[in-house]
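To keep things clear, I will list the structure first and then write my remarks on it.
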Amino acid sequence: MNMNMLINMFTKLIARKAMNWGINKGVNSFARKGDQPDDQIAGKKQRPNQQTQDVAKRIKNLNRMTRR
């Protein structure tokens, strides 16, 4: 195994981790879309909509399936 292959493997690993982190961050923020800053100031923290939670779970599951 030469140095070029090792660098490519390491780069792909880091890129995959960064991509998954970004996707999960976006999905989680989409699922918590109902939380508004005004509600947090007033002390009311709304629960996320059940439908958006289900969509978030499906997107995460689809993301896992496409990696295989």
Side-chain angles (χ1 to χ4, degrees):
M1 197 180 281
N2 59 14
M3 192 58 122
N4 191 25
M5 290 176 70
L6 289 173
I7 292 171
N8 284 340
M9 285 174 32
F10 181 72
T11 305
K12 285 180 183 179
L13 179 96
I14 297 297
R16 189 179 314 123
K17 293 280 184 181
M19 183 70 78
N20 288 335
W21 179 81
I23 289 171
N24 287 335
K25 194 79 164 168
V27 167
N28 289 336
S29 68
F30 174 74
R32 283 185 263 125
K33 190 169 74 170
D35 293 340
Q36 299 295 327
D38 297 337
D39 296 339
Q40 292 175 358
I41 293 171
K44 302 181 217 170
K45 187 161 185 173
Q46 297 177 349
R47 292 187 58 209
N49 189 1
Q50 185 64 35
Q51 185 177 6
T52 57
Q53 285 181 343
D54 292 340
V55 170
K57 285 180 186 178
R58 288 180 183 168
I59 290 173
K60 285 182 183 178
N61 191 15
L62 181 64
N63 189 16
R64 268 186 262 134
M65 286 173 33
T66 56
R67 280 188 294 224
R68 293 181 187 166

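Numbers here are sequence positions counted from 1.
Grouping Ile, Leu, Val, Met, Phe, Trp and Tyr residues whose side-chain heavy atoms lie under 4.5 Å apart, directly or via other members, places Phe10 in a hydrophobic cluster with Ile14.
Remark: Ile7 engages Met3, Thr11 in a side-chain contact (heavy atoms from CB on, under 4.5 Å) (not counting sequence neighbours). Not counting sequence neighbours, Asn8 has no partner by the side-chain hydrogen bond (donor to acceptor under 3.5 Å, both in side chains) test. With sequence neighbours left out, the side-chain contact (heavy atoms from CB on, under 4.5 Å) criterion links Leu13 to Arg16. Take Lys60 and apply the side-chain contact (heavy atoms from CB on, under 4.5 Å) test, not counting sequence neighbours, and it matches Asn24, Val27, Asn28, Arg64.
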